[in-house]
Amino acid sequence: MKKTAKSAAPKLTQDQRYMHAAIRYARRHAGVTGTNPSVACLIVAGEKGNQWIAGRGITAVGGRPHAEPVALEEAGKFAKGATAYVTLEPCAHHGATPPCATTLIEAGVERVVVAQLDPDGRVNSKGLHMLREAGIKVQKNIETEEAAWGLRGYLSRKTKSRPWVILKLAVTADGYLGLRGAANIAISGPVANAQTHLLRARMDAILVGSGTAIIDEPALTCRLSGLENRSPIRIFVENDKPVPTNSKAIKTASRVETFIACPQEKLEERKQQLAGTHCKFIACDTRDGKIALPELLADLADTGISTLMVEGGKKIAESFLENMLVDEILLYVSRDKMADKPKAKTNANWISWPTLPDAIPEGFHIKGHWQYGTDKAIRMVRD
Ligand code: AOF
Ligand code: ZN
């Protein structure tokens, strides 16, 4: 008898499918909604078996308008009796616009399906309460885990008062990050590099130590065609070495928002040295002579930064890990070995890195892996 192939994927409900679509749509504005999370809303009209998306909305660039009024406007008269799928609980507060819960009620939707509750003190289940009070059917917790992943920066800032931190590292197949004291040696291939740029576009901020700024002179911008204006804020952490005034980083500060994080006692001196350069400054507490990273992250969260990518060298990576401030590690492992690189000559100056696919740091687990051209990419997340 012939065996029929069984599909391994579980069958999704209609609610799950529409919520998946909304979650994917929300990704489009990740990193460009300011202090607001990128939320998506779909208005699904019609009877069971004959449903269609009548309106879709996403939090606008800069954060306003919110997703719901945009979707409702597109749906027009079809919003009446429809179901709204929203990745984050509709807001309950009067901001620059009326509460989204009120807008949904006034549009006459019949049902609202929500993935993630909003921990913002002004909302915090009040949005759902308003909807229920108005007689709207509310279904919460649909695809919550997936929505929370998309909203992880916002949720981290709201519940932990610090951004979600991604540590991005590129190593050779034999486990080396680069060459000590030498300028950037190519580790990853073009496909992995393009992925890094895409990731930058989705981040609020990117951070490196001043040592990396001095040796590598990285631009840290998104240079994907069409996404150039999505470069994140750049933050340079100055422990002992200041970023030189004539470096690429400082010279381009008029185009890409650039912060110098320096010890409090160096602030005035640095402001004078960098006068007229468009750099901004964060005066930092220090501990054992080094910038206190937990306090720096709290300051960044206060300015509205929800997602931070750490792209620096070994020292900054170790400091973030030691301080338990890394939520996610993105490890790119190249096909080539350092030993095979002509530039690498002697191993005396190779910088080793202990995290490899078969040596996951304690407290992390693998969430996914991909092949980007000649590089393997592994995503590890804190347990
Ligand atoms: C929604 N839909 O699309 C988004 C929401 O400063 P405001 O008035 O824009 O409020 C910011 C808060 O609004 C933010 O902290 C979060 O609670 C909510 N974001 N809510 O109903 C949306 N982006
Ligand atoms: Zn709203």
Side-chain angles (χ1 to χ4, degrees), residues 18-19 21-45 53-140 142 144 147-148 150-159 202 204 229-230 301-307:
Y18 281 120
M19 192 57 86
I23 291 167
R24 278 197 301 277
Y25 188 39
R27 278 185 214 149
R28 195 173 291 188
H29 279 179
V32 291
T33 51
T35 57
N36 241 318
S38 179
V39 174
C41 173
L42 299 180
I43 305 295
V44 175
I53 297 173
R56 21 169 241 169
I58 182 169
T59 313
V61 173
R64 276 171 229 121
H66 287 181
E68 295 89 327
V70 178
L72 288 168
E73 194 180 339
E74 190 174 87
K77 63 176 183 182
F78 298 110
K80 206 168 170 50
T83 298
Y85 291 86
V86 204
T87 56
L88 183 72
E89 174 185 1
C91 67
H93 64 281
H94 282 271
T97 45
C100 289
T102 307
T103 314
L104 286 162
I105 294 164
E106 286 172 357
V109 302
E110 195 177 296
R111 239 179 118 228
V112 175
V113 182
V114 170
Q116 169 69 48
L117 294 180
D118 187 352
D120 187 303
R122 297 167 296 177
V123 188
N124 207 10
S125 292
K126 290 188 204 86
L128 296 193
H129 182 72
M130 283 168 70
L131 296 170
R132 286 200 192 96
E133 286 284 288
I136 293 177
K137 289 180 216 144
V138 173
Q139 173 76 57
K140 57 178 184 178
I142 295 294
T144 308
L151 291 162
R152 62 198 186 284
Y154 172 73
L155 297 175
S156 174
R157 181 163 63 80
K158 284 285 170 190
T159 61
R202 292 180 176 151
D204 290 335
N229 61 354
R230 291 203 173 188
D302 280 347
T303 66
I305 290 172
S306 300
T307 48

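When reading the values below, keep in mind they use all heavy atoms of this one structure, side chains included, and skip hydrogens, waters and symmetry mates.
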Q) What heavy-atom pair brings A54 and A45 nearest, and what distance separates the two atoms? A) CB-CB, 4.1 Å

**Q.** Name of the residue among N229, V32, T33 meeting side-chain contact (heavy atoms from CB on, under 4.5 Å) with V61
**A.** V32

**Q.** Closest approach of C41 to A71 (non-hydrogen atoms, all atoms of both residues)
**A.** O-CB, 3.5 Å

Q: Kindly give the heavy-atom pair with the smallest separation between L131 and A101, and that separation in Å.
A: CD2-O, 3.7 Å

(Q) Has T87 got a side-chain atom pairing as donor or acceptor with I23's backbone, closer than 3.5 angstrom? (A) no

Under 3.5 Å, which donor-acceptor pairs do the side chains of residues 112-121 form with other protein atoms, sequence neighbours left out?
from, atom 1, to, atom 2, distance (Å)
D118, OD1, D120, N, 2.9
D118, OD1, Y154, OH, 2.7
D120, OD1, R122, N, 2.8
D120, OD1, R122, NE, 3.1
D120, OD2, R122, NH2, 3.0
D120, OD2, K158, NZ, 3.1

Q. Taking atom CG of D302 and atom OG1 of T35, what is their separation to the nearest 0.5 Å?
A. 12.0 Å

Q: Identify the heavy atoms of A84 and L104 that sit nearest to each other, and give their distance.
A: CB-CD2, 3.8 Å

Q) Can you name the closest pair of heavy atoms from L151 and P37 and give their distance? A) CD2-CB, 3.6 Å

Q | Backbone N/O of T59 and side chain of H29: donor-acceptor pair under 3.5 Å | A | yes

Q.
List the residues meeting side-chain hydrogen bond (donor to acceptor under 3.5 Å, both in side chains) with S306, not counting sequence neighbours, and say none if there are none.
A. R157

Q) Would you call I53 and Y18 a side-chain contact if the rule is heavy atoms closer than 4.5 Å? A) yes

Q) Pairs in or reaching into residues 71-88: which pass salt bridge (charged side-chain N to carboxylate O under 4.0 Å, His left out), with residues at least two apart or in two chains? A) none

Q: Keeping the roles fixed (side chain from N36, backbone from G63), state whether a donor-acceptor pair exists under 3.5 Å.
A: yes

Q | Spacing of CZ belonging to R28 relative to CZ belonging to R56, to within rounding of 0.5 Å | A | 5.5 Å

**Q.** Any I142 side-chain heavy atom under 4.5 Å of M19 side chain
**A.** yes

Q.
Closer than 3.5 angstrom, by distance alone: can the side chain of S38 be matched with the main-chain N or O of R27 as a donor-acceptor pair?
A. no

Q. How would you list all residue pairs meeting salt bridge (charged side-chain N to carboxylate O under 4.0 Å, His left out) that involve residues 98-111, not counting sequence neighbours?
A. D15-R111, E110-K137

For residues 90-99, please give each side-chain donor-acceptor pair under 3.5 Å, one per line with the distance, not counting sequence neighbours.
none

Q | Set of residues satisfying salt bridge (charged side-chain N to carboxylate O under 4.0 Å, His left out) with respect to R230, sequence neighbours excluded | A | none

Q. Taking all non-hydrogen atoms of both residues, which atom of A107 and which atom of L72 are closest, and how far apart?
A. CB-CD2, 3.7 Å

